[in-house]
Amino acid sequence: MSLKEKLNPDKLPKHVAIIMDGNGRWARKKGVARVLGHRSGVTPVREVVEASGELGIQYLTLYAFSTENWGRPVEEVKALMGLLVATVKNETARLVKNNVRLHTIGDVGMLPESIRKEIDHLIEKTKNNTGLNLVLALSYSSRWEILKAVRAIMDEASAGKIKSEDLTQEIFGNYLETKNIPDPELLIRTSGEQRISNFLLYQIAYAELYFTPKLWPDFRKEDYYAALLEFQNRERRFGKTSEQL
Ligand code: FPP
């Protein structure tokens, strides 16, 4: 029985988030430029998007570029931006055909205009698609997102539009970039690092965390199925006891 066949279709997470890590180490191991590691990271993106669509997973969020990544050498940032725009262009037809709807979270205003244009175009082109929602985290970090939310709430409070006692978790969620997106139930990080790196800190309160030593460029559908199987074998208690579930 294949890993895919072992998956219980009724117990799949609605939302999977992935920290795609290890492109640089993959390149170093092969003795090639870091940018080739990033370029080789596009195949696994295609694989997880396709697999998520096939399985009927509703949301897939990929950490493509963090706020902190702006601090990388200029050449690497340029290469990543170029790769992003090329990938968006090259993948447009496939995403449309596969009924994928594109969204972004993050400070996209920081991105070069040419990239913003391509991405906006693809968001517009896929807005009526009803399959997988692919969320790209671009120039994203949780602390930036939470601070932005708090500032907006404070402004509204000053304007008398909201009172502190009326603020609930649900309302707070509406100020986050992930408004209308359910919380991830599974967070995967590749490359063996076991940390969250400023990614969806508020939203992963109850997510299952899955760490794999595989470097991102080597991650394939089978690795994704393995993560989903492990998710299905975990007991999610949400603060309750096993007996209460
Ligand atoms: C982390 O590896 C990866 C990134 C900072 C970029 C992720 C980008 C891609 C996978 C390219 C394509 C993506 C899309 C959505 C088109 P790292 O450079 O931090 O690796 P290291 O820790 O081994 O140095």
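Indexing begins at 1, ligand by ligand and atom by atom, following the structure's order. Everything numeric in this text was worked out from a predicted model, so none of it was measured.
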ask   = Where do E76 and H38 land on the side-chain hydrogen bond (donor to acceptor under 3.5 Å, both in side chains) test, with the steps shown first?
value = CA-CA 10 Å; E76 184 168 342; H38 296 312; 2.8 Å; yes

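Side-chain N or O atoms of T126 include none that pairs as donor or acceptor with a backbone N or O of N129 at under 3.5 Å. In terms of modelled atom types and a separation under 3.5 Å, the side chain of S142 and the main chain of L201 share a donor-acceptor contact.
Ligand 1 lies out of reach of S191, whose nearest heavy atom is not under 4.0 Å from it.
At a heavy-atom distance under 4.0 Å, no atom of L215 approaches ligand 1. Neither the backbone nor the side chain of E91 comes within 4.0 Å of ligand 1, counting heavy atoms alone. Within the 4.0 Å heavy-atom criterion, both parts of N23, backbone and side chain, lie near ligand 1. At a heavy-atom cutoff of 4.0 Å, ligand 1 is contacted by no atom of F65, backbone or side chain. In R28, neither the side chain nor the backbone holds a heavy atom less than 4.0 Å from any atom of ligand 1. Contacts of N69 with ligand 1, taken as heavy-atom pairs under 4.0 Å, involve the side chain alone.
For the pair R72 and ligand 1, the shortest N or O to N or O distance falls below 3.5 Å. For a threshold of 3.5 Å applied to N or O pairs, the pair formed by R34 and ligand 1 contains at least one separation below that value.
Of all protein heavy atoms, the one closest to atom 20 (O) of ligand 1 is G24 N, 3.0 Å. Annotation: atom 13 (C) of ligand 1 to nearest protein heavy atom, V45 CG2, 3.9 Å. Counting protein heavy atoms only, atom 7 (C) of ligand 1 is closest to A64 O, 3.6 Å. Distance from atom 22 (O) of ligand 1 to its nearest protein heavy atom, with residue and atom name: R25 NH2, 2.9 Å. In this structure, the protein non-hydrogen atom closest to atom 12 (C) of ligand 1 is V42 CG2, 3.9 Å. Looking from atom 1 (C) of ligand 1 to the surrounding protein, the closest heavy atom is M20 O, 3.1 Å. The shortest contact between atom 16 (C) of ligand 1 and any protein heavy atom is with T87 CG2, 3.5 Å. Counting protein heavy atoms only, atom 15 (C) of ligand 1 is closest to L136 CD2, 3.8 Å.
Per-residue contacts place L83 under 4.0 angstrom from the following atoms of ligand 1 (heavy atoms of the residue considered): 11 (C). Per-residue contacts place W216 under 4.0 angstrom from the following atoms of ligand 1 (heavy atoms of the residue considered): 10 (C).
Looking at D223 and T212, their side chains never come closer than 4.5 Å, going by heavy atoms from C-beta outward. P44 places none of its side-chain heavy atoms less than 4.5 Å from the side chain of M20. Between Q232 and L12, some side-chain heavy-atom pair lies under the 4.5 Å cut-off.
The residue from T43, I19, I18, L84 that puts a heavy atom closest to atom 14 (C) of ligand 1 is L84.
Taking a cutoff of 4.0 Å between a charged side-chain nitrogen and a carboxylate oxygen, R195 and E193 qualify as a salt bridge. Under the 4.0 Å criterion applied to side-chain N and carboxylate O atoms, R234 and E230 are assigned as salt-bridge partners. Using a 4.0 Å cut-off between charged nitrogen and carboxylate oxygen, K127 and E124 count as a salt-bridge pair. Classification of K221 and E50 as a salt-bridged pair holds, one side-chain N sitting under 4.0 Å from a carboxylate O.
The aromatic rings of F199 and Y140 stand perpendicular to each other, their planes meeting at an angle above 60°, with 30° marking the opposite boundary.
Taking every heavy atom of both residues into account, E145 and E177 meet most closely at OE2-N, 3.0 Å.
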